[in-house]
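Take a look at the structure set out below.
Numbers here simply count residues along the sequence, with the first being 1. When reading the values below, keep in mind they use all heavy atoms of this one structure, side chains included, and skip hydrogens, waters and symmetry mates.
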Amino acid sequence: FSWSFAEMGCVAAAPEVTGRNARRIHVVLLGDSTIDNKLYTKGGPCVAEHLERLLKKSEAKVTMCARDGAVIENIASQLEQVPREATHLVISIGGNNALRSLGVLRRNIDNVHAALRLMKDVQSKFAERYTRMLSIVVKRKLPVLLCLQYLPRVDHFAQFKMDQEVAEVALSILIDSIVTAAQKYSLPMLDLRTVMTRSLDWANPIEPSDKGGAKIANAIARVISASADGALTYNRPFEKRKSGRCVIYHGIDSEETKAGPLLLPTRW
């Protein structure tokens with residue numbers, strides 16, 4: 001098959017092979033508890049297990065290198081664990097870096113200008129770390145899919161003392177840094193804000209439940225299958241949205257089926 005991330009402007013594409021000699025797809029998951037969510041599923045499957053089940057018919061392999069609690073700086077060490085036969089990397093990282101910055105939201109600021117300057121400083125440090133991380137990732141010369149963080153659900157958990165709207169605005173500023181970094185290296189993205197949409201998708205304010213993990217795996221599988229030129233059988237409609245030289249995949253909340261939420265075109 002021909003991996004079409006190359007057409008999206010990705011760093012590198014897998015070699016074109018067909019038939020029985022086709023290269024077996026081996027997806028490696030890197031990042032934090034967005035992917036390594038086993039501790040929060042109450043015994044249910046984690047994202048990697050859901051993804052492995054979805055790709056089972058295609059004989060694709062899934063390897064979990066993500067670790068709960070990881071930060072952007074940990075991706076370098078996770079890359080060292082990536083098997084040589086890996087064909088694709090999926091990365092979801094930055095949530096814990098964002099959590100470490102939440103203290104700024106509780107500071108007393110005299111005016112809006114000062115507040116924005118403070119958030120800009122936080123964003124700049126986040127962007128520097130994320131861009132440096134991607135500079136290491138692309139050296140592997142593998143197709144990469146970056147996941148944009150979903151929004152927390154602090155309004156459903158009283159013990160998480162923070163205003164939901166404020167948390168969303170602050171995180172969105174950091175997510176914009178990921179988009180900018182991805183554009184630099186022309187890497188495609190999956191917007192998990194449009195995948196994690198219902199209260200049952202969260203096990204707590206910030207981690208995916210079994211149900212949420214299934215939806216994340218479902219979205220990843222659809223991006224991979226739609227981009228693999230029919231090599232994977234799990235084909236569903238998906239969206240390609242160009243952002244500069246990049247593509248951002250968006251989900252659409254719909255009545256859920258066993259197949260999960262659809263990834264369909266929207267216009268904005």
- request: State, with a plain yes or no, whether a side-chain heavy atom of Ile75 is found less than 4.5 Å away from one of Ile136.
  value: no
task: Measure across Leu145 and Leu190 and return the closest heavy-atom pair with its distance rounded to 0.1 Å.
output: CD1-N, 3.9 Å
- prompt: Can you list every pair that meets side-chain hydrogen bond (donor to acceptor under 3.5 Å, both in side chains) and has a residue in residues 165-175, with sequence neighbours left out?
  reply: Gln164-Glu168
- request: List for me each residue that meets side chain to side chain contact (heavy atoms under 4.5 Å, CB included) alongside Asp176, sequence neighbours excluded, and say none if there are none.
  value: Gln123, Thr180
query: Hey, does Cys147 have a side-chain heavy atom less than 4.5 Å from the side chain of Val90?
result: yes
- request: List in chain and number order the residues that pass side chain to side chain donor-acceptor pair (under 3.5 Å) with Thr63, two or more places apart in sequence or in another chain; answer none if no residue qualifies.
  value: His26
Side-chain donor-acceptor pairs of residues 91-105 under 3.5 Å, sequence neighbours excluded:
unit_1: Asn96; atom_1: ND2; unit_2: Ala70; atom_2: O; d: 2.7
unit_1: Asn97; atom_1: OD1; unit_2: Ile72; atom_2: N; d: 2.9
unit_1: Asn97; atom_1: ND2; unit_2: Glu73; atom_2: OE1; d: 3.3
unit_1: Ser101; atom_1: OG; unit_2: Asn97; atom_2: O; d: 3.2

message: According to a hydrophobic-cluster definition based on side-chain heavy atoms being under 4.5 Å apart (Ile, Leu, Val, Met, Phe, Trp, Tyr only), do Trp202 and Leu39 belong together?
response: no
No-hydrogen, no-angle side-chain donor-acceptor test under 3.5 Å, Tyr150 and Asp201: no
Flag side-chain contact, heavy atom, 4.5 Å: Val122 against Ile173: no
message: Using a 3.5 Å distance criterion without hydrogens, assess whether the side chain of Gln78 forms a donor-acceptor pair with backbone atoms of Gly31.
response: yes
query: Is any side-chain heavy atom of Tyr130 closer than 4.5 Å to a side-chain heavy atom of Ser177?
result: no
query: Mind checking what makes side chain to side chain donor-acceptor pair (under 3.5 Å) contact with Glu207, not counting sequence neighbours?
result: Ser33, Asn204
message: Can you confirm whether Ile25 sits close enough to Ser58 that some side-chain heavy atom of one is under 4.5 Å from a side-chain heavy atom of the other?
response: no
- request: Can you tell me which residue pairs pass the salt bridge (charged side-chain N to carboxylate O under 4.0 Å, His left out) test with a partner in residues 40-51, sequence neighbours excluded?
  value: Lys38-Glu49
